[in-house]
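Since the structure comes first, as structure tokens, the remarks are kept for the end.
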Amino acid sequence: MRRLVIISIFFLLLHSCADNDYDKLYPGEVEFPANPPHGVKEAMAARVIPHSRQLAWQQLEMTAFIHFTINTFTDMEWGHGDESPELFNPVSLDAEQWVRVLSEAGMKMVIITAKHHDGFCLWPTKTTEHSVASSAWKDGKGDVIRELRDACDKYNMKFGVYLSPWDRNADCYGDSPEYNKFYLEQLTELLTWYGKVDEVWFDGANGEGPGGRRQDYDWQAYYDLIRKLQPDAVTAIMGEDVRWVGTETGYGRETEWSVTALAPGGTPESRAINEALGLSPTSMDLGSSALLQKAGKVYWYPAEVDVSIRPGWFWHAAEDSLIKDTDELLDIYFSSVGRNAVLLLNVPPDNRGLITDHDIKSLMGLKARLDDLYDTDLLNGARPYGRGTSRAIDGDSTTSWRPNRKRVASFIPAIAATFNVALLQEDISMGQRVEKFVIEARMDQQWDTVATGSTIGYKRLLRFPDVEADEIRLTITSSRARPNISTFALYYTE
Ligand code: FUL
């Protein structure tokens with residue numbers, strides 16, 4: 001009898017440990033205890049979850065950048081800041097065309113360069129005369145930001161602003177308190193004149209001001225203002241919610257942790273942490289188990305892949321023939337969205353103020369390929385079964401496969417089809433957990449490996465040569481805590 005009681009207590013304890021998985025979640029970040037026992041850091045990192053604004057952002061998957069300013073008229077990438085505002089004259093500007101095209105291509109947000117490094121403002125700001133108000137366009141009465149905002153409303157598109165911290169026009173740049181005030185005023189206008197803003201993009205590119213003066217940005221004040229005026233907006237790159245993936249090529253890491261030891265943002269505290277760990281957004285390893293051992297804290301800091309459809313960020317007539325074709329865009333999709341990142345694809349309007357037919361052709365090609373890819377889930381929504389259990393996630397109609405062990409296998413009934421793409425998703429509202437997985441296929445009693453991978457995160461896509469199989473097996477070979485697999489699908493694409 002005594003033995004039975006002891007055994008029952010043991011199982012009860014085990015059970016309650018497993019249930020703790022549901023209790024302990026850390027929104028945004030977690031600080032590790034000093035010298036924790038083996039495995040504790042991984043277990044805690046697995047329970048860091050996104051803020052709701054970060055989760056909503058991740059679900060957008062594909063977003064668009066619009067680089068447009070005086071550079072569009074001077075054939076430059078980085079304007080000097082002394083260009084005459086009169087040069088800006090996009091006579092056929094049609095922001096509705098931009099948003100319609102981008103929406104048709106599957107983009108869910110548009111982020112515009114409200115001000116690039118040259119300092120020219122696309123809205124009639126009160127902070128400087130270097131803006132559309134001094135341009136020939138619409139006799140100085142136009143407002144590109146307003147037109148884009150209205151078009152976004154019409155097409156139900158999210159809206160974001162890029163406001164370059166580096167400003168080669170502002171006289172006060174380099175007089176740190178003065179410029180910080182000026183920058184906060186510009187931010188205030190953008191965040192209060194145009195309704196809801198969903199992302200604020202702080203470029204990390206930074207140069208000297210007049211006479212070699214360096215500007216000390218008051219990042220904390222910028223973040224505080226955004227939290228106050230637009231609490232749901234994510235702040236990106238030099239911001240705290242969204243991380244630069246580290247390249248501008250369109251390719252994210254194969255192992256992409258959204259929980260990083262890299263401290264977000266540009267504050268002196270964050271800089272000190274990253275310096276001590278030797279980390280920057282371009283570091284290959286931002287979240288491995290080995291790195292966690294050196295870190296004191298980890299953060300939900302997911303990757304955004306920014307890349308231009310053209311060689312440059314701005315439109316140049318000479319690049320009309322150098323636009324990435326549909327195959328390249330599809331490859332970028334697999335290497336960004338398919339690697340646990342959000343794609344931010346730049347499509348710059350030309351000097352008429354329109355997206356060219358060349359860009360449209362590639363974009364629509366991408367859309368057609370994605371429609372074809374996702375047309376038929378060959379697993380037909382089948383739930384994994386086997387040793388795992390399914391459990392509904394609170395308040396959500398989706399069901400995660402939540403196996404009660406870290407290492408588990410699932411078996412899927414036969415599929416009478418050939419496939420060459422696999423899609424996996426973790427329910428990241430419960431954190432990112434999977435460290436390694438393998439997909440195998442059985443044909444004529446023989447199991448063969450179809451694909452292996454490390455991280456999954458919000459979305460992982462794998463491509464491989466055509467496979468025909470009687471049975472499929474997904475095995476999570478390593479996970480930081482019980483995995484929550486919300487999707488496992490197989491597709492065929494040409
Ligand atoms: C960089 C900038 O210098 C480029 O001009 C472009 O805006 C790109 C998105 O970010 O840092």
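In each ligand, atom 1 is the first atom listed, and ligand 1 is the first ligand listed.
Atoms of ligand 1 lying under 4.0 Å from at least one heavy atom of Y162, given by number and element, are 7 (O). The ligand atoms of ligand 1 that sit less than 4.0 angstrom from a heavy atom of E248 are 1 (C), 8 (C), 10 (O). Taking every heavy atom of A205 and a limit of under 4.0 angstrom, the matching atoms of ligand 1 come to 3 (O), 11 (O). Counting atoms of ligand 1 from 1 in the listed order, those under 4.0 Å from a heavy atom of H117 are 2 (C), 3 (O). Every atom of ligand 1 with a heavy atom of D306 under 4.0 Å away is listed here by number and element: 9 (C).
With hydrogens and angles left out, the side-chain atoms of H316 and E77 include a donor and acceptor closer than 3.5 Å. Looking at E189 and T125, their side chains do bring a donor and an acceptor atom within 3.5 Å of each other. Under the 3.5 Å distance criterion, with hydrogens and angles disregarded, no donor-acceptor pair is assigned to the side chains of D216 and S176.
Panel note: side chain E31, backbone K297; no donor-acceptor pair is recorded below 3.5 Å.
For F65, the closest heavy-atom approach to ligand 1 falls below 4.0 Å.
Scanning the protein heavy atoms around atom 11 (O) of ligand 1, the nearest turns out to be D203 OD1, 2.7 Å. What sits closest to atom 6 (C) of ligand 1 on the protein, heavy atoms only, is H67 NE2, 3.4 Å.
Taking 4.5 Å as the limit, some side-chain heavy atom of D203 sits within range of a side-chain heavy atom of W201.
Among the atoms of H116, some N or O lies under 3.5 angstrom from an N or O of ligand 1.
A salt bridge (charged side-chain N to carboxylate O under 4.0 Å, His left out) with E147 is found for exactly one of K154, K141, K138, namely K138.
Counted within 6.0 Å of CG on D139, heavy atoms from surrounding residues, nucleotides or ligands total 12 or fewer; the atom is thus considered open.
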